[in-house]
Every structure is written in structure tokens, then in C-alpha cells.
Protein chains: 2
Amino acid sequence: MKAIYTSPIDWLENRVRILDQSRLPDEEAYLELEDYLDVASAITELKIRGAPAIGVAGGYGVALGALKIESAQKNDFLKKLDVVMATIAATRPTAHNLFWAIQRMRKAAEGIDDVDRIKSALVDEAVKIHAQEREATYTLSQFGAELIRDGDTVLVHCNAGPLATAGYGTALGIILFAIEQGKKIKVMATETRPVLQGARITAWELKKAGVPVTLIVDSAAGYFMQRGEINCVIVGADRVAANGDTANKIGTYTLAVLAKENKVPFYVAAPTSTIDPALASGKQVPIEQRKPEEVTHIRGVPIALEGVAVQNPAFDVTPHRYITAIITEKGITKAPFGEGIGG
Amino acid sequence: MKAIYTSPIDWLENRVRILDQSRLPDEEAYLELEDYLDVASAITELKIRGAPAIGVAGGYGVALGALKIESAQKNDFLKKLDVVMATIAATRPTAHNLFWAIQRMRKAAEGIDDVDRIKSALVDEAVKIHAQEREATYTLSQFGAELIRDGDTVLVHCNAGPLATAGYGTALGIILFAIEQGKKIKVMATETRPVLQGARITAWELKKAGVPVTLIVDSAAGYFMQRGEINCVIVGADRVAANGDTANKIGTYTLAVLAKENKVPFYVAAPTSTIDPALASGKQVPIEQRKPEEVTHIRGVPIALEGVAVQNPAFDVTPHRYITAIITEKGITKAPFGEGIGG
């Protein structure tokens, strides 16, 4: 696969290096973090974002926190580790990958008596999570590429590229694989208000890869679908329920409804770490409500009436009936999703 | 009706006074224009916007242009008047009201021989257009208010208030009349990218009127409709075809599709000057494509990858099958619209 791989997060022995995505595309600025509280802040402040990348960061955050616990007494160590895990878990509520990664970290600590060996097992597990997620996005991108036809214009929302996944990307990975297969693909990207991940990050990643991309405001997607200029929609996911209902960036549900109305295939691409088998449907997904300033200001500049009331849900849930297929590293599951996803 | 009436345009003998809407809500700055070319620029640069207000400005622009024509010879005067009209007509292509107003001005000049009397007839006609449009929005607001129930939350898009209409507003006029009737109404307003008429102008007008308003990003409308938190959608219009198809601010079609999917009534409110009986369907409406900088920059601040390709259609067309009713000063026409609208 053509290398556009910019890594959003890397493990450097006893610290992590994070590309500060909140400053893209103006600056490619890296942060080196040793304190797990800084990793937690980086997640909350969207310096690292995208469900799979949040999961990877969560694993590394727990590992960093574990390394700093001074107790050599196992029970005391584990009590303190619980606090670390709870802090990382409290950063953002919607992406399942975060809780999946923390759960893996918790299990990795089990059955080991020596605190130093627990620490080393936790670091190993975090590195392993990252490697597996990278591999998963590579594999799912290959599967998904089969769904894209030569000449297609693909609509993407938010950012589901390497930076969102700490891997090869989901929606963008699929597009890049399709191009590698010799298909001519155009991408239309929504700007994705309020945080503009499309305008800032997707455009940046695709430009690096030499893929033609056209930026539109979120509310113009319907115009292009109605005119037959979009051949399919591919989005990532923050949490997929057992029935296929998918929580993803605010606006995804709207694109899915528009796609159905205009008979455009609507694909969700996510590693299985995004699937929450414990949730029967998307109605139970906790939706993060973020601060009003994301809507009323852009880069510190006020853009709305001062003091206006705001609601700023960061995600919405697309019921499975709008989804044509879900693509994971285990393959393509087409609707209906009764038999489980990615199995 | 409760007075929130801020006039976007007024005739002052031989000049017009325009509230510069591009500077709201930061400044309430007025421009006094004597040159019709400045009126044309004010329309192009969105200093005055909203289809009915553009129509009123077009009438005054033609009147100003006529006053400055120095020829006393009728044929020569009319030739120069044609240039004035063509210049005003070339400012923006989508709002029908502009062409309707210019057509009325053209007719007002007919059958008069004396150039000075033509000039005076043109000024009178422009003033009359303004008065009639003000009256039309007052009347349609009364009709429309009957559709709103006590306790409703109404979703509005872009700005369809007094400033958009040089009158009482269309969508906002209806809401204000419903409140006057003693109904408790909440408003949810989309910010309306790229030019943010919702965040800047609708929020400003509603705050002045003391109406509770909550601002959301455009792509969050689906989230709130899906949760049953929107009781109806009311939008204005830039051009309504004979079959009821409605061109309006980009994103309107999306809201209409979402409304249909969620069984939420979707209303279009416009004076009959917005109706283009010569257009059989909305497919023939010319859609203005505006400059990329509206998408890539906000108030001069870059918000997207530098140099990214952009498509920026300013309007879309909502097919009539998504529209529950169209409200004009002649009454409420419910779907289907086979018998003509506002008749």
C-alpha cells in the first residue's frame, strides 16, 4: 500500500510521542509525553483522536501510568493502576476502542505477582494493541477496496485515515488500496464541523497521498448525492452495537439517510475493536456532549452571536437499516446484520 | 406583532441605507449608497441578502441607477436603464425575487414619455415593491402561525427573518406571530455554513425578540430530529418552481429529507414574489456557485488545508414531495401542489 502513513502516536521506551492533530494542517508538531495525565488531556483535547487511535493511546496511557506507580506491593499497585485506568476511561465516552483497550490492559496484568513484571507486561500489551490495530486496518482496507469501483467518487466524513487509526486508516485505507489496485478514485470530503477534521486532517492526508480531494461544507453532501455525483459513502465508526447500529461523528446519520434516499451505498469501516457486542442496539451508546466554544469559535475567533445557547453533540447513531455493509479485518458483512458483524 | 423589526434597507430620497449584514453580529453598521453599482456590490458581497430583501434592493438599485442617467432623450435613457437592470440582474442568479422586482421596474417605465416622469415612476415603484413585500411577509406570517402548536420546537435554517425579507420575516415572522398568539415556542437554529447566517443573524434577531434559541452545527439537525426533539422545520425560499420544488440555502434539501424520514412537518414560507411560475420544476433553477474562500476561511482566518479544491454551491433544490406545505401571503397550500401555489 502506498505509504501515506503518518503515525499519530509512537512508543519511545518510557514515553509516547504524539502528533498534535489539533494544530494540523498548519503545523506538524509532536509532543513527547511521560505522564499518563498528559495522555488523558491529549485525548480530551483532540490532540489525538479517531476511535482506533484513541484505543491505542489509551493502552499507552495506562502503560505510562503503570511505570510511574512507585509501590512494589502488588495489591497497592493494582489499586493505583485502577485509578490510572479510570482516569484514561473518563476522557471520552463514545469510542468503544478506548474501553476495549483498557480492558485488554486490565487482563494483561492478571496472574502476575511481581510488580515489575506486571509493568513490563502492560508495556508489551500496549505495544501489541498498537501492532494489532495497525494490522487490522491494513486487512480491512484490503477487504473494503473490493467494494470500490474504477471511476468512483467516494464521499467521506470527518477523518478516518492513518491519523485516526494509528494504522492505515479505515475509510481512507480502503480508498488508498482501491487506488493501488489501479482504480481511478476521486474523494469528496465534508469539512466536518465543528472541529473540521475533514478540512484540516483528511485533506492533509489525501494531499500527501496524491489523491484528488474536493472539500465541501457538511450541508452540501445532499446536493451532490441528489445530482448523482457520489458513488458511495464510507465512514469510520466510534462504536458499533451488536445489531450493526453505528455511532460516529455528528452528521454521519444524516449522510446515511441521504444515501438511502438517493440509493447510494453506505459503508462503515472499523476494526473489530470498535464493535461493542454487549450493546444490543445503538440507542444505548453514550453520546459525548462537547463544549459550546467548539461551535461559537473557530481558532479563537468568535463566529456566532456572543452568549448564544449551544448544543454540541459530538456523535450520532446511524441505525443499521441505513448501512449497506460493515467492513472489519474479518471481512465484509452485508446487511442484514442478524448473524453478527465481522464474524 | 412584537417589534423586532430591524430594517435591512431604507430609501432616503436619492440614496439607500443598508445595514451591512456581513458585519453582524459584531457591528450594526449602516451604509448609505448613492451609486447603483454599490448596491450591486452590496448584493454580491452579502451585505444585503435573503431573497425578498434582494428583490427590494434590486428595485432600489434600478431606481438609483435611473436617477443618475443624464440623458433627457427617452430612447437613450431606456438603453442606459437596460444596462443598469442587466447589472443588477447579474449580481446573484438564484433568488427569483430579484428578477421579479426588475421586471416590475421595467414595466413601471412603460408608457411614459418624459424621462423625469419615468425616473419618478421608477422610484415610486421601488418604494411600492418594498411596502408590498413588507405587507406580504406580515400576512404570510399570520397564516403560517396557525401551523405552529403551543410547546413546539421549530428548526430553522439560514436566516429568514426581517433582515432577509425587508419585512417581518418568513420563517421567523411565523414563529414570532405564534408567540404573539400566546404559544410557547423554542427555536433551534443551524449555524448555516459557509456564511453562518444562522449563527450570526438568526441568533441576533431572535435574541432581540427575546425568543429562546439554541444554535447547532448544520450536521446535528438529524440527531435532534431522530430523538424527536424537533416538531417542525420552517425555511424560507430563494425560488419556488410551479410544481412546488424549492431552491433555498444549501442544506435545505438535507433537512427536508431528514424531516420526511422522521415524520416531521417541513414548511416553506415565502412571499409570492419568490414563486417562478415559468419554471416547471426545480431542476431548471440556476444554482449560484460561490468562491472557495467562503469554505476555506472564516473572517480571514484559514480553517482548511491551504490550496485544497472546493465546491461551494450556495443553494440546493428540495423536490416538492418533501414539502408539507408552502405558506405565502395568499394562504397555506398543502401538498400535493398540483393546483398551483399560493393561489
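In what follows, chains are A, B, ... by sequence order, proteins preceding strands, each numbered from 1.
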Legend entry - Toward chain A, the part of B:Val310 with a non-hydrogen atom under 4.5 Å: both
Legend entry - Straight-line distance of B:Thr254 OG1 to A:Leu258 CG, nearest 0.5 Å: 4.0 Å
Legend entry - Heavy-atom pair with the smallest gap, counting every atom of B:Ser219 and A:Asp316: O-OD2, 4.4 Å
Inset, instruction - Please state whether the side chain, the backbone, both or neither of B:Val308 comes within less than 4.5 Å of a heavy atom of chain A. - result: side chain
Legend entry - Per-residue contact mode, B:Pro313 against chain A (heavy atom under 4.5 angstrom): side chain
Legend entry - Close side-chain approach of B:Tyr322 to A:Glu261, heavy-atom, < 4.5 Å: yes
Inset, instruction - Give a yes or no on whether B:Lys183 atom NZ has more than 12 heavy-atom contacts from other residues, nucleotides or ligands under 6.0 Å away. - result: yes
Legend entry - Contacting moiety of B:Pro302, where chain A heavy atoms sit under 4.5 Å: backbone
Legend entry - B:Gln311 versus chain A, the contacting section by heavy-atom distance below 4.5 Å: both
Legend entry - Flag if over 12 foreign heavy atoms under 6.0 Å of CD, A:Glu306: no
Legend entry - Which portion of B:Ile287 sits near chain A, non-hydrogen atoms under 4.5 angstrom: side chain
Legend entry - Distance (rounded to the nearest 0.5 Å) between B:Glu191 CD and A:Ile303 CD1: 5.5 Å
Inset, instruction - Measure distances from B:Phe224 to the heavy atoms of chain A and classify the residue's part below 4.5 Å as side chain, backbone, both or neither. - result: side chain
Legend entry - Among A:Val217, A:Thr192, A:Asp26, residue most engaged with chain B (heavy-atom pairs, under 4.5 Å): A:Val217
Inset, instruction - Go through the atoms of B:Met225 and report whether side chain, backbone, both or neither lie under 4.5 Å from a heavy atom of chain A. - result: neither
Legend entry - Flag, side chain of B:Gln226 to backbone of A:Val317, donor-acceptor distance under 3.5 Å: yes
Legend entry - Selection from A:Asp218, A:Val213, A:Thr252, A:Ile201 maximising heavy-atom pairs under 4.5 Å formed with chain B: A:Val213
Legend entry - B:Leu196 side, atom CG; A:Ile298 side, atom CD1 - distance, nearest 0.5 Å: 7.0 Å
Inset, instruction - Report the distance from atom CG of B:Asn312 to atom OH of A:Tyr223, rounding to the nearest 0.5 Å. - result: 10.0 Å
Inset, instruction - Begin with the C-alpha distance, continue with both residues' side-chain angles, and end with the deciding distance and a verdict on side-chain contact (heavy atoms from CB on, under 4.5 Å) for A:Leu305 and B:Arg200. - result: CA-CA 5 Å; A:Leu305 180 72; B:Arg200 296 189 301 108; over 6 Å; no
Legend entry - B:Lys260 versus chain A, the contacting section by heavy-atom distance below 4.5 Å: side chain
Legend entry - Contact class of B:Arg193 relative to chain A, heavy atoms under 4.5 angstrom: both
Inset, instruction - Specify which of B:Pro292, B:Ala220, B:Gly307 makes the most heavy-atom pairs with chain A at under 4.5 Å. - result: B:Ala220
